[in-house]
Amino acid sequence: MKKTTWLALSFFAVMELPAQKILPVVGPGKTVDPFHYAIRKGGEFQNGVVVTAHPLASKVGAAILQNGGNAFDAAIAVQLTLAVVYPGAGNIGGGGFLIGRTVKGKIVAIDYREKAPAAASKNMYLDADGNAQTQLSQNGHLASGVPGTIAGLASSFKYAKLPWAALVQPAIDLAEQGFAITEREARSLNSTIKDFIKYSTVPSPFVSREVWKAGDTLIQKQLAATLKRIRDNGAKGFYEGETARLIVEEMKRGKGLITLTDLKNYKAAVRDAIHFNYRGYDIYGFPPPSSGGIIVGQLLKMIEPYPIASYGFHSVKATQLMIETERRAYADRAEHLGDPDFWKVPVKTLLSKKYLDERMKDYHTDRASVSSSIKAGVIHESEETTHLSIMDAEGNMVAVTTTLNGGYGSRTVVGGAGFLLNNEMDDFSVKPGVPNMFGAIGNEANAIVPGKRMLSSMAPTLMLKDGQPYVVVGTPGGTTIPTSVFQSIVNIVDFNMTAEDAVNKPKFHHQWLPDEVSLEKGFEPDTAEALKKMGYTIKASSAIGRTELIKITGGKKQAAADKRGDDSVAGY
Ligand code: GLY
């Protein structure tokens, strides 16, 4: 951790002003007002730009860039800010993946996915009759893996320029003084209040009102104190000392498994990014323990032999081809993908042309293939993960997808520490054939083992054109993440769309099991009808993804924040 002096910090200190007037200060002249802010959906920027799920987080990120930080600095400050202003998915009690490219061309892939605690075991969510008890993997103390986020941020800090404390301070300011919540956040908190009460052992700020409404101030003093320990002690401020003690006490009160040793032993991992070429563009995705990079790679490489642009956007021919590739890639996910530290993932084969050509041999242009009769669950709308895309003026690019898994994770707030814990254990295959909350099934590759990382679908992705930064993209959405990223890339490369259209056009999704196609509202009805006639089961879906995308065009950074949420861009 770089040593930070209070002198260096003085630019970032919070002025003592009357309540409600205190602004979090990110730097000289670049302040963010937590009580008056607007959502901005897009724009073109000459220098740096940040796209996130919340306007305050985007503004903090842009202010960090304007105060001398680079994309890695901004990514750290934004993730901590999201933990305050977007508690449903932003987190310090969860995990994520960062993929970045430095201005010198180095690709950085940092894995800070949660791990199963040492006391976890393969059948921990099965009852005496062998039936899966997914309420335990999805809610409350037993659902939490060992959090990775702070270790990940500390690991990415070596690429940053500003003092660590300066990157943590905006989040502290927002937690301590509060901020005005959006209408969407008010609705989301209101629908979760009962669960916060049920799954927490102490009251939290989330239950400080019976009913939340837009404009109410959310103050999180205990979270601010936790963030101060992280500011002052780096990762040790989370994994050791007071914060670790509070987590373990919470585990004891709720019969959870995470111990002081689990916390102390947690390390982020540096991985080799997935790299492939699609129609001349270099694409970098996240490798296992996320399935994201492999699935996006398989999908793009399976459609590459076909002239999809000539078929037309959302034409029957293009859509059916893409659905069939999705079916095949998700079947591979269920069988072959897991934490590479515990399971040999055949990455090269899964992405090889020979293998993918073979996979598409039984694809017929006139009818639906059939997945299997194995029963699987339904796909849920999911805003519970979150993604941020950043490009700076120097030429660094960063994509981060981070999550608590379900909305507000396990709904357990760590008593005295003020932050939510993840329910990421549900992303393991708790029993072969039993779907997780996203309807994904798995097998031995993703079985629970102490210290193992659960399989993810997160797909933070970078694209280069002629060796230069071109696109940063990613989205939340559980198993729909890779299909959303896939379709956003196809929209740009094959259908020549703007960032805004690439993100906002309706999406579709197939994940092998359940054997059905989910179509977002507004999807071409004639195509839907034709697919039905070919034998596809069509399901109407709620919003698919909340994609944040930046694309270089005409020398400028064209940014789009998904219309499906409060997502917002900020840049200069
Ligand atoms: N928790 C969702 C994912 O990692 O895919």
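Order of listing sets the numbers, starting from 1, for every ligand and every atom in it. Since the model is a prediction, treat every value here as computed from it, not as a measurement.
Relative orientation of the Tyr330 and His509 rings is perpendicular, given thresholds of 30° and 60° on the angle between their planes. The aromatic rings of Phe72 and Tyr159 are tilted relative to each other, their planes meeting at an angle between 30° and 60°. In this pair, Phe97 and Phe286 present their aromatic rings tilted. The plane angle is within the 30 to 60° band.
Put simply, the residue from Arg271, Lys267, Lys115 that forms a salt bridge (Lys or Arg N to Asp or Glu O under 4.0 Å) with Asp341 is Arg271.
Using a 4.0 Å cut-off between charged side-chain N and carboxylate O, Glu326 and Arg333 make no salt bridge. Ion pairing of Asp566 with Arg546 is absent here, as no side-chain N (NZ or NE/NH1/NH2) approaches a carboxylate O to less than 4.0 Å. With respect to the salt-bridge test (charged N to carboxylate O, under 4.0 angstrom), the residues Arg113 and Asp111 do not qualify.
The closest protein non-hydrogen atom to atom 3 (C) of ligand 1 is Asp427 OD2, 3.2 Å. Closest to atom 4 (O) of ligand 1, if we only count protein heavy atoms, is Ser456 OG, 2.7 Å. For atom 5 (O) of ligand 1, the nearest protein heavy atom (residue, atom name, distance) is Ser457 N, 2.7 Å.
Considering backbone and side-chain atoms alike, Thr385 places every N or O at 3.5 Å or more from each N or O of ligand 1.
Contacts of Glu114 with ligand 1, taken as heavy-atom pairs under 4.0 Å, are absent altogether.
Residue Met458 approaches ligand 1 through these ligand atoms, each under 4.0 Å from one of its heavy atoms: 4 (O), 5 (O). Contact atoms of ligand 1 toward Asn405: 1 (N), 2 (C) (distance under 4.0 Å to a heavy atom of the residue). Each of the following atoms of ligand 1 lies closer than 4.0 Å to a heavy atom of Glu424: 1 (N).
The shell of residues lying under 4.0 angstrom from ligand 1, judged by heavy atoms, excludes Met454.
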